[in-house]
Amino acid sequence: MFSLITKTLRMAKCKFADAFKEEREKSGIGKMDDQGDPVVMLLNHKDVRKAAHNYKVFSSEAVPGRIVVPSEVNIRTTRQIPFEVDPPMHKEYRSLLEAWFKRPLQDTYEEKLTTIISTVLDDVLSKDKVDVVSDLALVIQSRALTLLLNVPFDKSVKWISWGTHVFRSEGEALDGDKAAILYNYIDEEIDNAIANPADNLYSTLLAAEVNGKKLTKEEVKGVLILTFAGGRDTVINALTNMMSYFSANKKALDYIRSKPEIIKTAVEEFIRYFSPLTHMGRVVTEDTTVCEHAVKADSRISLCWASANRDEKVFENPDEVILERKVNPHVGFGFSHHNCLGATHARQIMRITLKLLAEKVSDITVLEAEENIENLGEFTRKVGYNSLKATFKKR
Amino acid sequence: MAKITFITSSNEKITVAATEGSVMELAVNNNVQGIDGDCGGVCSCATCHVFVAPEDVDKVGVASEIETDMLELADDANEYSRLCCQIPVTDAIDNVVFTVAK
């Protein structure tokens, strides 16, 4: 009996409910306030994809920070690039970055990433008990970022020391002082790269040209803020949530070990199910309707990836994790022009972590969980954990 | 065994053969330029867009509703468009020609 109760509790702690089901089926939209600048959330898969594609009516090129929910207009003036730029200029920036952000597919990159993740897992396995967020996910994310930027491994020490909170908002309003830690750091690193050019992302961007003009320091900073902030919480949540899944599904690690060819579909399924980024905003450029609901010019909508990813009109058994889901048109990395620039890096982190977990770990058991719950107007959504204490057993 | 030809946007012709997997995997394994297959073949990323030669449409078959929805929002899609992660390699598609979308 006791073991049944603990098992039930463990399962509950590791569950990620669909926060939007009722409203998605009823009206297709949700509403939330955000620091006095309300947001109409699109909840259907089809509406989300169409709006993401229609950049002329649903623009990303508003005042810097406004398309982010919660809005960052009060804490940031630098435009994130290419994220807050519409086509056709968006494509100019994106083409410039594409090759650099596809480097994770190179063999040497993959080997180095494997070493990083393997070292962290060995360290975790040597301890009686760990916090998955701070001892595993944060460390892998930070060390892996040194590869994406191609900077010395030691740089990750500082990023780890920032914890998850430099990037994470608590409550509705954002903390400008915390954001400044990152922005000042990037300013310093750009100045270092100007003084001492190297084969890293800073120097590559400083030497790059768009439409025959060198990128300004402000543009370089815009790309770097995106690279640092966009891949922080998202990667940490994806890794942590995946670990919690294995605590609730004890046979899954053995199964993946016996069928490693399913790792790619499994990772896509985790991205769909966990949707590490709940939604992203756009600013409406003309009076229009979304899902038969009128929205005014200069108001905000959001593309709710998390809701679209549970849309029963698209996904069979949407609330189940099906590791071998073959057709999985999820929007966990966004959709259309602005799909995630760091997706190649993120997919490699997830695929390699899963492969090594199946090889090295026989059991993960969650002991204590402090959930990270987002308040989104009428909705509350679990996006991950602030802390997840667990034991890892060696195979 | 099916023999398949890819024509890339730089007009390079690559003919390869296989017995299993998807056309996307075949292209990625042979470094066909323009086929990325980022999502590993689950119809989520649209980085494996090809045009089927008109005379081969019957052999290749039609797209599912999910694939059609995906293609509807691809900028240069036409009636011959397919996401080749959704096309299995079988004898039925022997000698088919795919042109890689830009």
Side-chain angles (χ1 to χ4, degrees), chain A residues 44-55 87-88 91 95 98-99 101-102 104-105 261-272 305 308-309 311 313-316 322-337 339-348 350-351, chain B residues 6 8-10 18-50 60-78 81-90 93 100-102:
Chain A
N44 289 311
H45 188 268
K46 199 163 200 159
D47 294 331
V48 165
R49 290 215 302 196
K50 279 201 166 156
H53 194 64
N54 187 359
Y55 66 87
K91 193 174 167 57
S95 312
E98 210 72 60
F101 283 86
K102 289 270 180 196
L105 295 175
E261 65 274 17
I262 70 166
I263 284 174
K264 282 185 182 175
T265 58
V267 165
E268 298 305 315
E269 179 68 344
F270 286 134
I271 300 293
R272 180 193 72 83
W305 317 117
N309 280 341
D311 190 334
K313 296 184 285 300
V314 178
F315 303 99
E316 236 174 85
I322 300 170
L323 298 173
E324 286 161 286
R325 198 182 282 275
K326 292 230 158 42
V327 180
N328 190 351
H330 72 79
V331 288
F333 287 115
F335 185 72
S336 197
H337 316 280
N339 66 11
C340 177
L341 180 62
T344 311
H345 177 71
R347 281 186 165 111
Q348 287 290 55
M350 289 291 283
R351 288 171 185 173
Chain B
F6 297 95
T8 69
S9 57
S10 50
T19 51
E20 57 178 15
S22 71
V23 172
M24 180 278 288
E25 288 168 310
L26 182 64
V28 169
N29 292 340
N30 289 281
N31 300 313
V32 174
Q33 191 201 340
I35 302 285
D36 295 338
D38 288 346
C39 75
V42 296
C43 204
S44 157
C45 70
T47 61
C48 64
H49 182 189
V50 293
V60 175
V62 294
S64 67
E65 194 186 335
I66 282 175
E67 187 186 332
T68 307
D69 282 353
M70 199 77 186
L71 285 165
E72 195 191 326
L73 298 176
D75 283 329
D76 46 356
N78 66 25
S81 288
R82 288 294 309 269
L83 295 177
C84 65
C85 70
Q86 299 301 303
I87 307 172
V89 175
T90 66
I93 63 163
V100 179
K102 274 178 192 159

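Predicted model only: the values in this text are computed from it and were never measured. Sequence lines set the chain letters: A, B, ... in the order given, protein chains first and strands last, and positions in each chain run from 1.
Among A:Lys102, A:Arg325, A:Glu269, the residue making the largest number of heavy-atom pairs under 4.5 Å with chain B is A:Lys102. Highest contact tally toward chain B, considering only A:Lys326, A:Arg272, A:Lys50, is held by A:Lys326 [criterion: heavy-atom pairs under 4.5 Å].
Here the NE2-SG distance, from A:His330 to B:Cys45, works out to 8.5 Å after rounding to the nearest 0.5 Å. Of the inter-residue distances, the one linking A:Asn339 atom CG with B:Cys39 atom SG reads 11.0 Å to the nearest 0.5 angstrom. We find the CG-OG1 distance between B:Asp36 and A:Thr344 to be 8.0 Å, quoted to the nearest 0.5 Å.
Residue B:Glu65 does not touch chain A at all, counting heavy-atom pairs closer than 4.5 Å. For B:Glu67, no part lies near chain A; criterion is any non-hydrogen pair under 4.5 Å. Residue contact with chain B, scored on non-hydrogen atoms closer than 4.5 Å, involves the backbone and the side chain of A:Arg49 alike.
Counting non-hydrogen atoms of neighbouring residues, nucleotides and ligands closer than 6.0 angstrom, the CD atom of A:Glu261 exceeds 12 such neighbours. Sparse packing is recorded around NZ of B:Lys102, with 12 or fewer heavy atoms of other residues, nucleotides or ligands lying under 6.0 Å away.
Side-chain contact between B:Ile66 and A:Pro329: present, with at least one pair of heavy atoms (C-beta onward) separated by less than 4.5 Å. For the pair B:Val42 and A:Lys264, the minimum side-chain heavy-atom distance is 4.5 Å or more. No side-chain heavy atom of B:Asp38 sits under 4.5 Å from any side-chain heavy atom of A:Phe333.
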Stepwise side-chain contact (heavy atoms from CB on, under 4.5 Å) test for A:Asn328 and B:Ser44: CA-CA 6 Å; A:Asn328 190 351; B:Ser44 157; 5.7 Å; no

Verdict with reasoning, B:Asp69 to A:His45, per side-chain contact (heavy atoms from CB on, under 4.5 Å): CA-CA 11 Å; B:Asp69 282 353; A:His45 188 268; over 6 Å; no

